Amino acid sequence: MRESTKPRDLPLTADSAGPPSNPSRADGHRPHAGHDAHDDHDDHVVHAHGQHAGHSTAMFKNRFWLTLALSVPVVYFSPMFGDLLGYMPPEFPGSTWIPPVLGTVIFLYGGQPFLRGGLNELRARRPGMMLLIGMAISVAFVASWVTSLGLGGFDLDFWWELALLVAIMLLGHWIEMRALGSAQGALDALAALLPDEAERITDAGTETVGVSELRAGDLVLVRSGARMPADGTVTDGQAEFDESMITGESKTVPRSPGDRVIAGTVATDNTVRVRITAVGDDTALAGIQRLVAEAQASSSRAQALADRAAAFLFYFAAGAGVITFIAWTLLGNVPEAVTRTVTVLVIACPHALGLAIPLVVAISTEQAARAGVLIKNRMALERMRTVGVVLFDKTGTLTKGEPEVMEIAAADGVSRKDLLALASAVEADSEHPVARAIVRAARNQGLPVLRATGFSSMTGRGAGASVDGRTVQVGGPALLRELTVTEPPELAAVTGAWMDRGAAVLHVLADGKMLGAISLEDAVRTESRQAVAALQDRGIKVAMITGDARQVAQAVADELNIDEVFAEVLPADKDKKVSELQGRGFKVAMVGDGVNDSPALARAEVGIAIGAGTDVAMESAGVVLAGNDPRAVLSMVDLSRASYRKMWQNLVWATGYNVISVPLAAGVLAFAGVMLSPAAGAVLMSVSTIVVALNAQLLRRVKLNPSPSLRQSPWPAAAADPAAAPPQPTRDDG
């Protein structure tokens, strides 16, 4: 892409926009280095919180496949399994020892994460899934060895049940780990905004040094298209900086001597000299990193539904086991007491419970992906149903994120089409977002292509060229001041109204005479109105946050009927606004696309990143929308509510099975001749797992695709041809 050659003097309150906030890097450094191998990175993420502390996705995956391979011969050679299916396992020297030997390997290798996790939960006095699994496989292991060694005459051959339980639990935790988001990805993406090297100016000239070698007080040269290596102050030169990766606002900002510039931002058009004022941990970018890490750490402490159910089952099974042993012992039948107790404890193992949540999450993420919604964090799926307010970042989310020509006002005797054609001719060779918007508008109207020569750029004021023998200039208020040109009163009234609502205004002059003006605004997406209305219909409040001036924000809010507006919010304060809403009792879903949104995305109960946004925003969020359609948020709401119902249905089935089967295994109906044998209990556990799996599959019937996008005109409906529109038409984007 060609560099922009024409700085602008546009109102800083205007919400003009440019390219998506993920510009390519002219310094040769890949801003996304390492993201191509994201899947491998995820496999080796080590979790620091909860039941997966110290565990990686790859660990569960590797243990599952090896355990599954060892489980096949264990199950096949198991006498109990053979009796259930009515076949006789092959017999040869040593065949009877295949289940015990391989079962022991499965117990020690595949069961290790659960045994360690169970001990940790026991030490913390917070029993959960790990302790329940650890108890079940330990009891099955000891009972099976007692049976294999022929001690006490017991028939408690649970090797096949032990093998399948460990394999199923490893599979469930592997699926679960893959669904969890990683905080490290967000921090890596933030770090990738910095260049590897910088040009430091010395008495002998310039030298290329690593960014880590820079110190406060150093003077650096930042060329056109390069990123700032650290925070600093411009000392020489003028340039427009793309700060969208930090502020989230895509309009470039002019910076001249004395102005502060931020690490990670890009000089788009000129070379400047900058005195470094902050490096490393003292930069604004590092501050955002700390906010992201802090917010994600706080949101990772949530407990899954299955953990709470597992805690209940642990106490239930342990209590039932103790009561069973005491009761049968008092009846004078110690062998039966041991058999019944072991059966109770093994039946309590959570086959179905271990898959209840992971299966729902896996199917939900697949269904969401088909609808263009990437669920990165399991907890985001669970929390979305509780959200009371959706907080949208304005630019690039509710709006298109790029300027569009909205209205044209021409002086007496001047055709609006001619005015747009002249402006387009001057802007034809520029890659500036505003220039592209004007050229695009002329092209959409099929206006004649005029040839411009003698192009000149006026830093901070505008641009000019010779068109058909006339000197045509296009620029903002600074251009008029320099040329001492005064707007006619009737035109000033129109442009004044544009500026009041936050539009950027460009004046067009020919040979020093005012021909008219063009307003450019960040247009509201047609889908945004539908998304806001649908969320409100679901009882969810809609709020908007932006760094723009109050009048700009309010104009968009009024158009979309938004419930609450946060305007003129500094980048670091977006996180605070989320906390403010939470302090008022709301569960918050934040939707954004800029780096400055990333702390707020991480702080919110659910962070939703627009797919066209920065890598940092996407890594910080629990949900990523593949496109820019805000109606996809509705898909997330519907999916969350449907999947939550399935989670509870599966949990009720899994725990309900145990609540019924454990007393039967304990022998409470023995007086009536009803006894649940160990083999029958094992079969029922498998049936319970199948029921849970089939119920989860019903999620595939949920329709998540938002309504097809309405065909959008680049112009307001009331003014399909801006060149022919009246000076002050009523806006109607719908």
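The structure displayed is predicted, hence computed values, not measured ones. Numbers here simply count residues along the sequence, with the first being 1.
- Using a distance-only test at 3.5 Å, with no hydrogens or angles considered, no donor-acceptor pair links the side chain of Glu407 to the main chain of Ser519.
- Distance alone, capped at 3.5 Å, places no donor-acceptor pair between the Gln473 side chain and the Leu483 backbone.
- When atom types are taken as modelled, the side chain of Asp231 and the backbone of Ile262 share no donor-acceptor pair closer than 3.5 angstrom.
- A salt bridge links Lys574 with Asp393: the closest approach of a Lys/Arg side-chain nitrogen to an acidic carboxylate oxygen falls below 4.0 angstrom.
- Expressed to the nearest 0.5 Å, how far CG of Leu420 lies from CD1 of Ile408 amounts to 4.5 Å.
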Item to complete: List the steps and the verdict of side chain to side chain contact (heavy atoms under 4.5 Å, CB included) for Asn270 and Ser224.
Response: CA-CA 5 Å; Asn270 288 316; Ser224 175; 5.7 Å; no

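- The heavy-atom pair separating Val633 from Met384 by the smallest distance is CG1-CE, 3.9 Å.
- Taking the side-chain contact (heavy atoms from CB on, under 4.5 Å) definition, one finds that Glu482 meets it with Arg461, sequence neighbours left out.
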Identify all side-chain donor-acceptor contacts of residues 505-518 below 3.5 Å with residues at least two apart in sequence or on another chain.
{"residue": "His507", "atom": "NE2", "partner": "Glu487", "partner atom": "OE2", "Å": "2.9"}
{"residue": "Asp511", "atom": "OD1", "partner": "Thr471", "partner atom": "N", "Å": "3.0"}

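- Here the side chains of Glu580 and Phe566 are in contact, with some heavy-atom distance below 4.5 Å.
- Side-chain contact between Glu199 and Val222 is absent, with no heavy-atom pair separated by less than 4.5 Å.
- Look at Glu240 and Arg255 and you find no salt bridge, because none of the NZ, NE, NH1 or NH2 atoms lies under 4.0 Å from a carboxylate O.
- Taking NZ of Lys576 as the reference point, atom CZ of Arg603 lies at 11.5 Å (rounded to 0.5 Å).
- For the atom pair Arg275 CZ and Thr235 OG1, the distance stands at 6.0 Å (nearest 0.5 Å).
- Taking both residues in full, the closest heavy atoms of Asn561 and Val532 are given as O-CG1, 4.1 Å, listed atom of the first, atom of the second, then distance.
- Here the side chains of Ile201 and Arg273 are in contact, with some heavy-atom distance below 4.5 Å.
- In this structure, Arg631 contributes its side chain and Glu527 its backbone to no donor-acceptor pair below 3.5 Å.
- When atom types are taken as modelled, the side chain of Asn444 and the backbone of Arg440 share a donor-acceptor pair closer than 3.5 angstrom.
- With hydrogens and angles disregarded, no donor-acceptor distance shorter than 3.5 Å links the side chain of Thr484 to the backbone of Arg481.
- Contact check for Gln238 versus Pro254: no side-chain heavy atoms found under the 4.5 Å cut-off.
- Closest approach of Leu447 to Ala421, counting heavy atoms only: CD1-N, 4.0 Å.
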Discussion item. Walk me through whether Ile545 and Met590 qualify under side chain to side chain contact (heavy atoms under 4.5 Å, CB included).
Written reply: CA-CA 10 Å; Ile545 190 168; Met590 169 70 188; 4.0 Å; yes

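- Between the side chain of Ser528 and the main chain of Leu398, a donor-acceptor pair closer than 3.5 Å is present.
- Not one N or O on the side chain of Asp259 forms a donor-acceptor pair closer than 3.5 Å with the backbone of Val234.
- Under the 4.0 Å criterion applied to side-chain N and carboxylate O atoms, Glu568 and Arg550 are not assigned as salt-bridge partners.
- Atom CZ of Arg451 sits in a sparse spot, with 12 or fewer heavy atoms from other residues, nucleotides or ligands closer than 6.0 Å.
- Ion pairing of Arg529 with Glu559 is present here, as a side-chain N (NZ or NE/NH1/NH2) and a carboxylate O approach within less than 4.0 Å.
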Worksheet item: Could you walk me through whether Arg470 and Leu422 pass the side chain to side chain contact (heavy atoms under 4.5 Å, CB included) check?
Response: CA-CA 10 Å; Arg470 292 190 292 174; Leu422 286 172; 3.4 Å; yes

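- When all heavy atoms of Ala437 and Val405 are compared, the closest pair comes out as O-CG2, 3.8 Å.
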Worksheet item: Run the side chain to side chain contact (heavy atoms under 4.5 Å, CB included) check on Lys577 and Val569 step by step: do they pass?
Response: CA-CA 9 Å; Lys577 294 302 180 183; Val569 179; 4.2 Å; yes

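- Put simply, the side chain of Thr486 does not reach to within 4.5 Å of the side chain of Leu480, judged on heavy atoms.
- Without hydrogens or angle criteria, Arg227 side chain to Gly264 main chain gives a donor-acceptor distance under 3.5 Å.
- Closest approach of Ala409 and Leu491 over heavy atoms only: CB-CD1, 3.6 Å.
- The shortest non-hydrogen separation linking Ala230 to Val279 is CB-CG1, 4.0 Å.
- Taking CD1 from Ile276 and CG from Leu219, the interatomic distance works out to 8.5 Å, rounded to the nearest 0.5 Å.
- With a 4.5 Å cut-off on side-chain heavy atoms, Leu535 and Phe392 count as touching.
- Counting heavy atoms from C-beta outward, Val387 and Val606 have side chains that approach closer than 4.5 Å.
- The side-chain heavy atoms of Pro477 and Met499, taken from C-beta on, include a pair separated by under 4.5 Å.
- From Asp236, atom CG reaches atom OG of Ser256 across 11.0 Å, with rounding to the nearest 0.5 Å.
- The CD1 atom of Ile562 sits 5.0 Å away from atom CE of Met544, with the distance rounded to the nearest 0.5 Å.
- With hydrogens and angles disregarded, no donor-acceptor distance shorter than 3.5 Å links the side chain of Thr268 to the backbone of Asp242.
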